[in-house]
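The first residue of the sequence shown is numbered 1, and numbering continues consecutively from there. Model, not experiment: these values are computed from the prediction.
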Amino acid sequence: MATLKAVRGTRDLLPPETALWNRIEATARALFARYNFGEIRTPVFEDTSLFARGVGEETDIVSKEMYTWEDRARAQSEKPQSLTLRPENTAGVVRAYIEHKLGETGQLQKLYYIGPQFRRERPQKGRYRQFSQIGAEVIGPPSAGSESPLRDAEVLEMLATLLDELGITGWSLEINSVGSAADRARYNETLREALIPLAPKMCGDCQRRAVTNPLRVLDCKVPEDQPIIESLPKIVDSLDEESKAHFAAVMAALDAAGVHYTRNHRLVRGLDYYTRTTFEFIHGGLGAQNALLGGGRYDGLSEAIGGPKAPGIGFAMGEDRLVLTLQTLNQGATPSQVDAYIAPLGEALNPAALALARELRRAGLSVELGDGSFRLKKSFEAADRASRRIVILGEDELQSGILTVKDFTTGIQTKVPRVELAAYLSLPAHA
């Protein structure tokens, strides 16, 4: 019988690496709380039309990468429904905003999420078919200030702070404006015209995108196509005065906050819902696919899926990319050591060892519980790998209430009264 393995494009995350994932997520949650974001959890699958209408039918995500199936009717009164595992989470968050009438509060909604997304892409380093994203959205009625360029700048400043607090150095921020929906449509037509004589000289994907979604041509990474792409018209020439003023205000706020950035005229991002500000944080340690995270403003998305006017801005970061970057910076996960390893001397002392472990754990200590069937040498070897100290529990220690503790860092062995044990184990090794 063949050995069962994880499906291609998926993987298992195991200790100690999961400790690094937990640290990233805990850092993000703590930061979001300081910026007054609340957590939202949406289903991992949605009605397929949500992504077709929101993300765009001609995007690569919708046309090639989604996991979609027909959910068969269970009764004659039901109709079958096309469902899709979420390939991104912004559309689902906006759907929830509409469904739960969050706009009627009149307040700005600041929401974050952490969870899996699914895309049927070609698996490669840092890119999987099931991948986890950390993201956030700021959305609300215009009366709540949701259109303000200050919201864009605050999100970018928050992300710069998050990367700094995670210990990621060497990142850079690239920003651009794709203008209003009208600006974007105008630029699309300008690009389409400019690509008519040029597309036949480009890669197959660019030839297709030149017809279906010209903006996506700017995302091409094929080296031979870069000189052609550099010669194409820039979107800045298609922006109206209002869009230019909005972007100038974003840059002014970033300058005031001391957040460094570069304007990248090619940065448009391919999802149909993006308007005005778009951005990416990049890092050289990731190679050609160097984006750590990205996002932008989506002022018309709510209306596109049947909701009220609700301008918004958001981002998503792949946790795999963050983990790879931290590992590149030599900040990867290391096996963790518990505060103490309890070694009962004989199986008859196992119950007493469990009682002692419970006592210490309730005092806030991390404890690994040995087994009385182990020889003392084996207990010491196991303890040395797993913990900072070993606590020996024999009949004498149980009767006297004086425990024998050895510190593996200093090599010092000490007698500690049981009533003082938790406090002693809380001390650093050199104390």
(message) S177 vs S243, test: side chain to side chain donor-acceptor pair (under 3.5 Å). Steps then yes/no.
(response) CA-CA 8 Å; S177 175; S243 293; 5.4 Å; no
(message) For Y35 versus E157, what's the shortest heavy-atom pair and its separation?
(response) OH-OE1, 2.8 Å
(request) Please check if atom CZ in R122 has more than 12 non-hydrogen atoms from other residues, nucleotides or ligands closer than 6.0 Å. (result) no
(request) Check the pair D183 / R186 against salt bridge (Lys or Arg N to Asp or Glu O under 4.0 Å), numbers first and verdict last. (result) CA-CA 5 Å; D183 296 338; R186 185 163 52 248; 2.5 Å; yes
(message) Quick test of your reading of the model: are E174 and R266 salt-bridged, counting only N-O distances below 4.0 Å?
(response) no
(message) Under a 3.5 Å cutoff, is there a donor and acceptor pairing between the side chains of N89 and Q133?
(response) no
(message) What I'd like to find out is whether the side chain of T48 reaches to under 4.5 Å of the side chain of M66, using heavy atoms alone.
(response) yes
(message) Just checking Y112 against F32, ring centres under 6.0 Å apart?
(response) yes
(request) Considering non-hydrogen atoms only, spot the tightest contact between A210 and A199 and give its length. (result) CB-CB, 3.8 Å
(message) Rounded to the nearest 0.5 Å, what separates atom CD in Q337 from atom OG in S366?
(response) 9.5 Å
(request) Decide, yes or no, whether a salt bridge links K79 with E70 under the criterion of side-chain N to carboxylate O below 4.0 Å. (result) no
(message) Test your reading of the model: is there a side-chain donor-acceptor pair from T414 to the backbone of V416, 3.5 Å cut-off?
(response) no
(message) Test your reading of the model: is there a side-chain donor-acceptor pair from R119 to the backbone of Y128, 3.5 Å cut-off?
(response) no
(request) Say whether, by atom type as modelled, one donor and one acceptor occur between the side chain of D299 and the main chain of T275 under 3.5 angstrom. (result) no
(message) Assess whether a salt bridge exists between R388 and D339, defined as any Lys/Arg side-chain N lying under 4.0 Å from an Asp/Glu carboxylate O.
(response) yes
(message) I'd like to know if the side chain of S49 reaches the main chain of A52, judged simply by a donor and an acceptor atom lying under 3.5 Å from each other, with no hydrogens or angles considered.
(response) no
(request) Using the side-chain contact (heavy atoms from CB on, under 4.5 Å) rule, take T277 and V178 through it: C-alpha gap first, then chi angles, then the decisive distance, then the call. (result) CA-CA 7 Å; T277 308; V178 295; over 6 Å; no
(request) Answer yes when D205 and R208 have at least one side-chain N-carboxylate O distance shorter than 4.0 Å, and no when they do not. (result) yes
(message) If you define the side chain from C-beta out and look only at heavy atoms, does anything of W69 sit under 4.5 Å from L85?
(response) yes
(message) Can you tell me if K309 has over 12 outside heavy atoms packed within less than 6.0 Å of its NZ?
(response) yes
(message) Measuring from atom CD of Q226 to atom CD of E230, what distance do you get when rounded to the nearest 0.5 angstrom?
(response) 7.0 Å
(request) Would you sort out whether E65 and F118 count as a side-chain contact (heavy atoms from CB on, under 4.5 Å), showing the intermediate values? (result) CA-CA 8 Å; E65 298 171 0; F118 306 85; over 6 Å; no
(request) Evaluate the criterion side chain to side chain donor-acceptor pair (under 3.5 Å) for residue pair R184 and S238; output intermediate values, then yes/no. (result) CA-CA 8 Å; R184 185 181 173 115; S238 295; over 6 Å; no
(message) One thing to verify: whether D152 and R297 come together as a salt bridge, which I'm taking to mean a side-chain N less than 4.0 angstrom from a carboxylate O.
(response) yes
(message) Just by distance, no angles: are the side chains of D255 and Y261 close enough, under 3.5 Å, to form a donor-acceptor pair?
(response) yes
(message) Could you report the tightest heavy-atom contact between I305 and A91, atom names first, then the distance?
(response) CD1-O, 4.2 Å
(message) Has T27 got a side-chain atom pairing as donor or acceptor with R23's backbone, closer than 3.5 angstrom?
(response) yes
(request) Might you point out which heavy atoms bring A6 and R11 nearest each other, and give the distance in Å? (result) CB-CA, 4.5 Å
(message) Under a 3.5 Å distance rule, please check whether S148 uses its side chain to pair with a backbone N or O of G145 as donor and acceptor.
(response) no
(request) Could you tell me whether R276 and E242 have a side-chain N and a carboxylate O separated by less than 4.0 Å? (result) yes
(request) Start with the C-alpha gap between D71 and S82, add the side-chain angles, then the distance that decides, and say whether side-chain contact (heavy atoms from CB on, under 4.5 Å) holds. (result) CA-CA 6 Å; D71 191 36; S82 179; over 6 Å; no
(message) Within this structure, what is the CG-CD distance for the pair N188 and E193, rounded to the nearest 0.5 Å?
(response) 11.5 Å
(message) Does any part of the side chain of M202, heavy atoms only, come nearer than 4.5 Å to the side chain of I229, both counted from C-beta?
(response) yes
(request) Of all the heavy-atom pairs spanning W171 and H260, show the shortest one and how long it is. (result) CZ3-O, 4.4 Å
(message) Working to the nearest 0.5 angstrom, can you tell me the gap between L111 CG and I139 CD1?
(response) 8.0 Å
(request) Give the minimum heavy-atom separation between I40 and A96, together with the two atoms involved. (result) CD1-CB, 4.0 Å
(request) May I ask you to say whether E99 pairs ionically with R95, meaning some side-chain N is under 4.0 Å from a carboxylate O? (result) yes
(request) Look at the side chain of S146 and the backbone N and O of G140, then say whether any donor-acceptor pair between them is shorter than 3.5 Å. (result) yes
(request) Could you check if a side-chain atom of V236 sits within less than 4.5 angstrom of a side-chain atom of R263, using non-hydrogen atoms only? (result) yes
(message) Is there a side-chain contact between P417 and E420 in this structure, where contact means two heavy atoms from C-beta onward sitting under 4.5 Å apart?
(response) yes
(message) Quick test of your reading of the model: are E39 and R29 salt-bridged, counting only N-O distances below 4.0 Å?
(response) yes
(message) Let me confirm one number: the CG-CG distance from L403 to L421, rounded to the nearest 0.5 Å.
(response) 5.0 Å
(message) Between K101 and E104 (salt bridge meaning N to carboxylate O under 4.0 Å), is one present in this structure?
(response) no
(message) With heavy-atom distances below 4.5 Å as the criterion, would you say the side chains of L198 and L232 are in contact?
(response) yes
(request) For the pair T262 and I175, evaluate side-chain contact (heavy atoms from CB on, under 4.5 Å) and give the outcome as yes or no after the intermediate values. (result) CA-CA 6 Å; T262 301; I175 61 175; over 6 Å; no
(message) Any side-chain to backbone donor/acceptor pair from Y67 onto L83? Under 3.5 Å, distance only.
(response) no
(message) When you compare the side chain of V138 with that of Q109, does any pair of heavy atoms fall below 4.5 Å?
(response) no
(request) Please confirm whether the backbone N or O of T90 pairs with a side-chain atom of E88, one donor and one acceptor, at under 3.5 Å? (result) yes
(message) Taking L425's backbone N and O only, do any of them form a donor-acceptor pair with R389's side chain (distance below 3.5 Å, no angle check)?
(response) yes
(message) When you compare the side chain of I342 with that of L360, does any pair of heavy atoms fall below 4.5 Å?
(response) yes
(message) Could you check whether R418 pairs with E359 (Lys NZ or Arg NE/NH1/NH2 to Asp/Glu carboxylate O, under 4.0 Å)?
(response) yes
(message) Just verifying a value: how many Å separate D225 CG and L218 CG, rounded to the nearest 0.5 Å?
(response) 11.5 Å
(message) With a 4.0 Å cut-off on N to O distance, would you call E121 and R127 a salt bridge?
(response) yes
